[in-house]
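Written below as structure tokens is the structure these notes are about.
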Amino acid sequence: MDAKELRSAVGERVRSYRVLHSYTQADFAEKIDISVNFLSEIENGRKGMSQETLYKLCEHFGLSADYILFGKEAAGNSAIPAATLDNTELKTLTDFLVSMRGVFSSGPG
């Protein structure tokens, strides 16, 4: 999966979660301290998010990074099947986090 496909998949999961739980973009963005415009860019796969934003998203909404990045949820959440990362997914996650280091450090998110 290349970076564009990853951003698109992550954005779709963020949007799906937001819509499923009836949050407006404004409410959702406020809860994780980003702008509505930036949330829209994430949801549409045009921008990635920083590690800090990923952390806030997971922490505030009780989501796992596995779900946001790979569509897999940790054991114990019956809404989404449990799964583990294989070596390819782990490398993709590592590469993504390394590539995002410092990307948004001077701006929102």
Side-chain angles (χ1 to χ4, degrees):
M1 178 178 291
D2 67 20
K4 185 176 180 179
E5 291 170 323
L6 179 60
R7 286 191 311 268
S8 180
V10 165
E12 182 56 36
R13 282 188 282 277
V14 170
R15 175 186 286 122
S16 293
Y17 179 87
R18 179 182 62 76
V19 170
L20 179 67
H21 292 86
S22 303
Y23 287 104
T24 65
Q25 280 189 325
D27 291 338
F28 196 87
E30 181 181 345
K31 291 185 184 309
I32 57 174
D33 197 29
I34 62 173
S35 71
V36 173
N37 185 53
F38 187 60
L39 176 59
S40 177
E41 296 284 321
I42 291 170
E43 288 186 350
N44 289 301
R46 291 188 294 267
K47 298 253 176 132
M49 67 181 85
S50 68
Q51 292 171 15
E52 180 182 355
T53 299
L54 177 61
Y55 174 82
K56 287 177 182 178
L57 180 65
C58 293
E59 183 71 13
H60 187 81
F61 295 106
L63 298 169
S64 74
D66 282 350
Y67 172 70
I68 297 299
L69 296 172
F70 299 106
K72 298 177 180 178
E73 189 56 64
N77 185 334
S78 60
I80 301 168
T84 58
L85 299 179
D86 64 28
N87 287 337
T88 302
E89 292 169 328
L90 185 57
K91 181 177 181 343
T92 301
L93 173 60
T94 303
D95 292 347
F96 173 75
L97 292 174
V98 167
S99 74
M100 298 311 292
R101 186 179 333 157
V103 170
F104 301 107
S105 61
S106 63

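Rounded to the nearest 0.5 Å, atoms OG1 (T53) and CD1 (I42) are 6.0 Å apart. To the nearest 0.5 angstrom, I68 atom CD1 is 14.5 Å from Y55 atom OH.
Nearest approach of T24 to D27, heavy atoms of both residues: OG1-N, 3.0 Å. Smallest separation of non-hydrogen atoms from A65 and L54: CB-CD2, 4.4 Å. Scanning all heavy atoms of the two residues, the minimum distance from C58 to S64 falls at SG-C, 3.7 Å.
Judged as a side-chain hydrogen bond (donor to acceptor under 3.5 Å, both in side chains), and not counting sequence neighbours, E30 has no contacts. The side-chain hydrogen bond (donor to acceptor under 3.5 Å, both in side chains) check on N37 picks up nothing, with sequence neighbours excluded. With sequence neighbours left out, the side-chain contact (heavy atoms from CB on, under 4.5 Å) criterion links A3 to R7. S8 meets the side-chain hydrogen bond (donor to acceptor under 3.5 Å, both in side chains) test with no other residue; sequence neighbours excluded. Judged as a salt bridge (Lys or Arg N to Asp or Glu O under 4.0 Å), and not counting sequence neighbours, the contacts of E41 are R46. For L6, the side-chain contact (heavy atoms from CB on, under 4.5 Å) partners at least two apart in sequence or on another chain are M1, V10, F96. Among residues two or more places apart in sequence or in another chain, the ring-ring contact (aromatic ring centres under 6.0 Å, His included) test is passed with Y17 by H21, F61. Every residue was checked against the side-chain hydrogen bond (donor to acceptor under 3.5 Å, both in side chains) condition with R13, not counting sequence neighbours, and none meets it.
Side-chain contact check for L39 versus V14: some heavy-atom pair is nearer than 4.5 Å. Looking only at side-chain heavy atoms (C-beta outward), F28 and L57 come within less than 4.5 Å of each other.
The side chain to side chain contact (heavy atoms under 4.5 Å, CB included) with K56 is formed by just one residue from the set E52, E59, H60; it is E52.
Panel note: side chain N44, backbone S40; a donor-acceptor pair is recorded below 3.5 Å.
Listed by first then second residue, pairs satisfying salt bridge (Lys or Arg N to Asp or Glu O under 4.0 Å) with a partner in residues 15-24 read E12-R15, R15-E43, R18-E43, not counting sequence neighbours.
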